[in-house]
Amino acid sequence: MTRYVSRASASKHGLLTQLKIAVMMRLLVGLLSILAWQAPAPSLGGLSISGGQKMNRFVVMVDAGYLLRQSIEILSNRVSKSRSELEIIDPAGLIKALLDKSDATLNLASKELLRVYWYDGVMPNGLTNQQRALVNVDDVQFRAGTVNGRGQQKGVDSLIVTDLIELTSHHAICDAVLVTGDSDLAVGIEIAQKRGVRIAVLGVEDLAAGVAHHQSFEITSRADRVGMLGQADIAQALRYAPAQSSAGQQSAVSTAAPVPVASPSTAPVQLDQPRIEAAVQAFIASQGSLEGCVNDTTNRIDAAVDRALLHHVYTELAHGSLTIPEKVLARQVFRAAISL
C-alpha cells in the first residue's frame with residue numbers, strides 16, 4: 001500500500017512539473033512577442049518597419065542661415081555677405097531645386113516626401129520677408145530658432161538634431177537630406193544611421209566664383225552621400241538685390257576722382273599661375289596612387305588630399321596664407337591633371 005501511494009505521488013508530481021514548464025514556455029513566448037512588437041528592427045535598404053508597414057518616406061531639413069549665406073556670396077560674386085540683400089523671387093522654385101538635388105543625390109524617385117523643414121532664427125520683431133516667402137509653400141514647415149544681439153542665429157542646430165532623432169524614433173522616414181555645414185549635427189546623423197536611416201548632406205558652393213562649400217568634415221565624412229548646389233541650381237529662385245544706400249554710395253564713388261590706395265594690402269592679388277601649376281604637379285609626383293581621390297559625381301577632392309595639396313602649394317609659394325583664387329586655381333589644376 002505504501003509503495004502504491006508513493007508511485008501515485010510521484011506520477012502526480014511529474015504531471016505538475018510538466019504543467020509548470022508548459023505555462024512558463026507560454027509566458028516566455030508571449031514576452032518575446034511583446035518585446036518584438038515594441039522594438040521593431042529596421043529592414044534592409046534603410047526601410048523601418050512599424051506596425052507591419054514599411055515607411056518609404058524622406059525628409060529634407062534646411063539650415064536657412066547656411067543656404068542663404070552661401071547663396072548671397074555666390075550671386076553677388078562675393079561682394080556681399082548680407083542676407084538682407086538676397087531676395088527670394090520664387091519660393092516654390094527654391095524648394096523644388098532642393099528636392100531635385102536631393103533626389104539626384106540619394107535616388108529618391110521611388111520615395112514619398114514627408115515634408116521640408118525650414119530652420120531659421122527669428123528676430124524679436126517677427127518674420128523677415130525671406131521667411132514669410134517660405135511659410136506658405138506646400139509641404140514646408142517653418143521651424144524657428146532665435147537671433148542674438150550680434151545677428152547670429154541660435155538654437156537651429158539643436159532643433160534639427162531633435163527633429164531628426166524624433167522622426168527616426170517613430171520610424172517616420174527612411175532617408176533624410178540635410179542642407180547644412182554645421183558640425184554640431186554629427187551626433188544626430190550617427191543616431192539616425194544606427195536606426196537604419198540613410199543620410200545625405202547638401203552643400204552650396206561655386207568654385208569658379210571662389211566660394212567654397214564651408215561644410216564641416218565631421219558631417220561630410222559621416223554622411224552616406226554628399227551633394228552640391230551651385231549657381232545654376234539657385235539662380236532661378238534667388239536674386240542679389242543690393243540696398244539702395246549701398247548703390248548710392250557706389251555711384252558717388254564711381255563719379256568721384258580716383259583716390260590713391262595707401263595700403264598695399266588692398267591691392268588686387270596677382271595669381272602666379274606658373275608657380276601654382278608647378279607646385280601642383282610636384283605634389284602629384286610626390287604622391288602614390290591618387291585614384292578615386294576626386295568624386296566623379298560632385299567633382300570634390302578627397303578632404304585629406306585637398307588639405308595636403310593646399311599645404312604643399314602654400315609651402316611652395318611661401319608668401320603667407322593662400323587667397324581664395326589661389327586655392328581655386330590649385331584645385332582646378334589638380335582636377336585637370338588627375339583626369340588625364
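In this chain, numbering begins with 1 at the start of the sequence shown.
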Acceptor/donor pairs from residues 135-145 side chains to any protein atom, 3.5 angstrom cut, sequence neighbours excluded:
residue, atom, partner, partner atom, Å
Arg143, NE, Asp163, OD2, 2.9
Arg143, NH2, Asp163, OD1, 3.0
Arg143, NH2, Asp163, OD2, 3.3

- Item | Shortest non-hydrogen separation from Glu85 to Pro242 and the atoms involved | OE2-CA, 3.7 Å
- Message: Please find the pair of heavy atoms, one from Ala212 and one from Glu205, that lie closest to each other, and give the distance.
- Response: C-CB, 3.8 Å
- Item | CA sep, side-chain torsions, deciding dist, call: Val305, Phe334, side-chain contact (heavy atoms from CB on, under 4.5 Å) | CA-CA 10 Å; Val305 175; Phe334 180 81; 3.8 Å; yes
- Note on the structure: d(Glu277 CD, Gln332 CD) to nearest 0.5 Å is 10.5 Å
- Query: Between Val177 and Leu108, does a side-chain contact (heavy atoms from CB on, under 4.5 Å) hold up when you go through it step by step?
  - Reply: CA-CA 10 Å; Val177 181; Leu108 300 170; 4.3 Å; yes
- Considering only heavy atoms from C-beta outward, does the side chain of Phe58 approach that of Leu106 to under 4.5 Å? no
- Verdict with supporting geometry, Val197 and Leu167, side-chain contact (heavy atoms from CB on, under 4.5 Å): CA-CA 10 Å; Val197 175; Leu167 287 170; over 6 Å; no
- So, do Val122 and Gln131 sit near enough that their side-chain heavy atoms are less than 4.5 Å apart? yes
- Side-chain heavy-atom pair Ser169, Arg195 within 4.5 angstrom cut-off: yes
- Item | side chain to side chain donor-acceptor pair (under 3.5 Å) pairs, two or more places apart, involving residues 92-105 | Lys96-Asp100
- How far does CG of Asn107 sit from CG of Asp175, to the nearest 0.5 angstrom? 9.5 Å
- Query: Residues two or more places apart in sequence or in another chain: which of them pass side-chain contact (heavy atoms from CB on, under 4.5 Å) with Leu317?
  - Reply: Arg275, Ile276, Val313, His319, Leu322, Glu326
- Message: Quick check on the hydrophobic clustering: are Ile160 and Val147 connected, directly or via other members, by side-chain heavy-atom contacts under 4.5 Å?
- Response: no
- Message: Could you report the tightest heavy-atom contact between Ser221 and Phe217, atom names first, then the distance?
- Response: OG-O, 2.6 Å
- Hey, mind stepping through Lys81 and Arg69 against side-chain contact (heavy atoms from CB on, under 4.5 Å) and telling me if it holds? CA-CA 6 Å; Lys81 294 184 179 181; Arg69 182 176 63 252; 5.6 Å; no
- Using the rule that two of Ile, Leu, Val, Met, Phe, Trp, Tyr join whenever any of their side-chain heavy atoms come within less than 4.5 Å, decide whether Val328 and Val294 are in one cluster. no
- Query: Salt bridge or not for Arg83 and Asp120, using N-O below 4.0 Å?
  - Reply: yes
- Task: Can you sort out the partners of Ser84 under side-chain contact (heavy atoms from CB on, under 4.5 Å), two or more places apart, ordered by chain and number?
- Result: Ser82
- List in chain and number order the residues that pass side chain to side chain donor-acceptor pair (under 3.5 Å) with Arg335, two or more places apart in sequence or in another chain; answer none if no residue qualifies. none
- Task: Can you run down the side chain to side chain donor-acceptor pair (under 3.5 Å) pairs that involve residues 224-233, sequence neighbours left out, and say none if there aren't any?
- Result: Gln193-Asp224
- Message: Please list all pairs meeting ring pair (Phe, Tyr, Trp, His ring centres under 6.0 Å) that have one or both residues in residues 64-110, counting only residues at least two apart or in different chains.
- Response: none
- Item | Rounded distance (nearest 0.5 Å) linking atom OG1 of Thr180 with atom CG of Leu67 | 10.0 Å
- Can you tell me which residue pairs pass the ring pair (Phe, Tyr, Trp, His ring centres under 6.0 Å) test with a partner in residues 143-167, sequence neighbours excluded? none
- Query: Looking at side-chain heavy atoms only, is the closest gap between Asp63 and Val156 below 4.5 Å?
  - Reply: yes
- Message: With a 4.5 Å cut-off on side-chain heavy atoms, are Arg78 and Val211 touching?
- Response: yes
- Note on the structure: Taking every heavy atom of Leu86 against every heavy atom of Ser71, the minimum-distance pair comes out as CD2-CB, 4.1 Å
- Does the side chain of His311 reach to within under 4.5 Å of the side chain of Arg307, using non-hydrogen atoms? no
- Task: Using ring-ring contact (aromatic ring centres under 6.0 Å, His included) as the criterion, list what pairs up with Phe283, not counting sequence neighbours.
- Result: His312
- Hey, what do you get for CD (Gln215) to CG (Leu178), rounding to the nearest 0.5 Å? 10.0 Å
- Looking at Ala330 and Leu309, what are the two nearest heavy atoms and their distance? O-CD2, 4.1 Å
- Query: Hey, is CD on Glu190 packed in by over 12 heavy atoms from elsewhere, all under 6.0 Å?
  - Reply: yes
- Thr146: what forms a side-chain contact (heavy atoms from CB on, under 4.5 Å) with it, not counting sequence neighbours? Lys154
- With Asp306, which residues qualify under salt bridge (Lys or Arg N to Asp or Glu O under 4.0 Å), at least two apart? Arg331
- Item | Approximate separation, where rounding is to 0.5 Å, of Ile95 CD1 and Asp90 CG | 10.0 Å
- Message: Checking Glu112 against Asn56: is there a side-chain donor and acceptor pair closer than 3.5 Å?
- Response: no
- Ser216 side chain near Asp182 side chain, heavy-atom distance below 4.5 Å: no
- Query: Is the side chain of His170 donor-acceptor paired with the backbone N or O of Ala172 at a distance under 3.5 Å, no angle test?
  - Reply: no
- Would you call Arg300 and Thr220 a side-chain contact if the rule is heavy atoms closer than 4.5 Å? yes
- Message: Hydrophobic cluster membership, with links at side-chain heavy-atom distances under 4.5 Å among I/L/V/M/F/W/Y: are Leu94 and Ile89 in one?
- Response: no
- Quick one: pull up CD1 in Ile88 and CD1 in Ile234 and give me the separation to the nearest 0.5 Å. 11.0 Å
- Val226 and Val59: same hydrophobic cluster, using ILVMFWY side-chain contacts below 4.5 Å? no
- Item | Those residues that, when tested against Asn77, pass side-chain contact (heavy atoms from CB on, under 4.5 Å) (two or more places apart) | Ala209
- Query: Quick one: do Ile173 and Val161 end up in the same hydrophobic cluster if we chain Ile, Leu, Val, Met, Phe, Trp and Tyr together by side-chain heavy atoms under 4.5 Å apart?
  - Reply: yes
- Donor-acceptor contact present, side-chain Glu87 to main-chain Ala241, <3.5 Å: no
- Message: Whether the side chain of Thr168 engages the backbone of Ile165 through a donor-acceptor N/O pair (distance < 3.5 Å, no angle test) should be reported.
- Response: yes
- Closest heavy-atom pair and its distance - Ser76, Ile72: OG-O, 2.6 Å
